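All figures in this text were calculated on a predicted structure; none of them were measured in a lab. Whatever order the structure lists ligands and atoms in, that order sets their numbers, starting from 1.
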Amino acid sequence: MSDPRIALDRRHIWHPFTQEQTAPDPVMVVSGEGARLRAADGTEYLDLIASWWVNLHGHGHRKIVDAITAQAEKLEHVMFAGFTHEPAVDLAERLTGLLPDGLTRVFYSDNGATAIEIALKLAYQYWRNKGETGRTRFIAFEGGYHGDTVGAMSLGKGSGFYGPFEELMIPVDLVPFPATWEGDLEVEAREEAALGVLDRQLDAKGAETVAVVIEPLVQGAAGMRVCRPEFLQALAARARDHDVLLIFDEVMTGFGRTGAMFACQKAGVTPDFICLAKGITGGYLPLAATVCREAIYEAFLGETWERAFIHGHSYTANPLGCAAALASLAVFEDENTLARIAEIEALYRARFQGLAAKPNVARPRVLGSIAAFEVVAQETGYGAAVGPELKAYFMERGLLIRPLGNVVYLIPPYCIADDDLHRAFDAIDAALDGLG
Ligand SMILES: *Cc1c(COP(=O)(O)O)cnc(C)c1O
């Protein structure tokens, strides 16, 4: 029996990242608990991708639900120009306390793309406020994904998602991303080649460049492509030498995903800006933060309106989102979440020994709560047929695993049980054996 609302959905709704003509009916989800989602037809799905990488501590977590409820009883929202509130102040204090020293100023918004857009605009205006009006270009990385607004998608023009929009884009120069994996012997040569391209770019156009933007340690949407901390350190040194600002997009890597609270800490690099969204509220409400160095903030101080950052969103620093974020950070302490992530990583490494031995598995990588590998198939890339085929196989078995092209990856909520992870790996093993 199909749910009558599915017919209504198909009549009125336009889903994201979906070819509506050929997509199967969406799954009607009615509730979530821990790592599980329940559909209207009673089917349970184990959420192995944290609902698009946002959920940290599981669905329906009592502490986060209670914090949102309590905040809603007090104050659901207030405009954030000329007004402030306790959850926003407390969260800014908590975030700047957790981030590396030097990242002191928080500008709130509501999603990853806006967090990036704000960093781009701040960096751009920073140079203008300092009298350097010739800086108009950005550097980003091949395969990078930073969201779907115009500035963010310009940075992501190497992702292959934005063909129709090329003429709209702001000027971005791309550098290769030196992806690596377990057992990779050529990573240093790949890094040197990438740095060579970067050096040429900076020598030619460094004085015209506003900032370099990267997803530190892991490119998410490109298929969980991992790079080494050494590369980020070399990148940061070059940015500093050329007076180019460094923007870390930690929309996906933030809040424990790579095993440290933030990837920048694991990399040993403090950028000029860090962009946070996705997991910031534990995955409960839309909220984002662009956090920058004090020197950036100071360049906007003055007597005139023109010198200020004239940017905002109706829901800037929404109190419910801030309350959820504070509760999520409290759960990190209550549940010793970073230690749990280390256990998840160890389980991945154990299971990857068998997995990596399979003839159709290539480039295995494990980092904190992220595990990924490539399926050796006829086609590769985002449109590879093996992706939908595997997704259907997993969904039939109650496993929400959604390959990116031929890349199979896991990025579950941290509350997931070992047994559930083993069930997922058993299904992955069986699926790969079945592909022949
Ligand atoms: C998802 C993502 C974004 C965009 O975030 P939205 O909230 O979807 O706009 C930006 N950067 C990275 C690295 C992401 O993974």
Side-chain angles (χ1 to χ4, degrees), residues 15-18 49-56 107-123 138-162 165 170 172 174 177 179 211-227 232 246-258 262-264 266-267 271 273-291 313 315-318 321 324-325 328 367-370 372 382 402-405 407 409-412:
H15 289 268
F17 284 111
T18 300
I49 59 166
S51 217
W52 259 356
W53 323 345
V54 300
N55 190 290
L56 302 187
F107 196 102
Y108 287 113
S109 60
D110 9 77
N111 61 70
T114 55
I116 292 291
E117 216 68 44
I118 287 163
L120 298 183
K121 287 179 67 177
L122 283 173
F138 291 86
I139 292 176
F141 286 81
E142 286 170 9
Y145 177 79
H146 303 280
D148 293 333
T149 53
V150 174
M153 78 172 177
S154 306
L155 301 171
K157 67 181 179 183
S159 68
F161 294 147
Y162 304 121
F165 305 108
I170 63 171
V172 173
L174 292 180
F177 183 85
V212 50
V213 188
I214 190 165
E215 292 161 83
L217 291 184
V218 191
Q219 282 190 327
M224 301 298 161
R225 297 207 303 162
V226 172
C227 76
L232 295 171
L246 182 60
I247 300 172
F248 273 6
D249 177 353
E250 293 224 33
V251 169
M252 189 280 284
T253 54
F255 303 100
R257 282 295 168 204
T258 66
F262 300 102
C264 62
K266 196 153 191 163
F273 296 85
I274 184 166
C275 301
L276 304 170
K278 288 206 167 97
I280 191 170
T281 63
Y284 283 64
L285 285 162
L287 183 75
T290 304
V291 188
H313 301 280
Y315 283 98
T316 297
N318 174 252
S328 172
L367 193 66
S369 68
I370 302 168
Y382 201 79
R402 208 169 181 267
L404 289 157
V407 177
Y409 71 94
L410 302 181
I411 180 168

- Task: Kindly determine whether D148 and Y162 satisfy side chain to side chain donor-acceptor pair (under 3.5 Å), including the steps that lead there.
- Result: CA-CA 9 Å; D148 293 333; Y162 304 121; 2.5 Å; yes

- Message: Quick one, W53 and S369 - any side-chain contact, counting heavy atoms below 4.5 Å?
- Response: no

- Item | Contacts of type side-chain hydrogen bond (donor to acceptor under 3.5 Å, both in side chains), residue T290, not counting sequence neighbours | none

- Message: Any side-chain to backbone donor/acceptor pair from Q219 onto E142? Under 3.5 Å, distance only.
- Response: yes

One line per pair, note the atom names and distance for all nitrogen or oxygen contacts under 3.5 Å between ligand 1 and the protein.
unit_1: ligand 1; atom_1: 5 (O); unit_2: G112; atom_2: N; d: 3.4
unit_1: ligand 1; atom_1: 7 (O); unit_2: G112; atom_2: N; d: 2.7
unit_1: ligand 1; atom_1: 9 (O); unit_2: N111; atom_2: OD1; d: 3.4
unit_1: ligand 1; atom_1: 9 (O); unit_2: G112; atom_2: N; d: 3.4
unit_1: ligand 1; atom_1: 9 (O); unit_2: A113; atom_2: N; d: 2.9
unit_1: ligand 1; atom_1: 11 (N); unit_2: Y145; atom_2: O; d: 3.4
unit_1: ligand 1; atom_1: 11 (N); unit_2: D249; atom_2: OD1; d: 3.3
unit_1: ligand 1; atom_1: 11 (N); unit_2: D249; atom_2: OD2; d: 2.6
unit_1: ligand 1; atom_1: 15 (O); unit_2: K278; atom_2: NZ; d: 2.6

- Message: Check whether K278 reaches the backbone of G283 with its side chain - one donor and one acceptor, N or O, closer than 3.5 Å.
- Response: no

- Message: Any side-chain to backbone donor/acceptor pair from S328 onto A324? Under 3.5 Å, distance only.
- Response: no

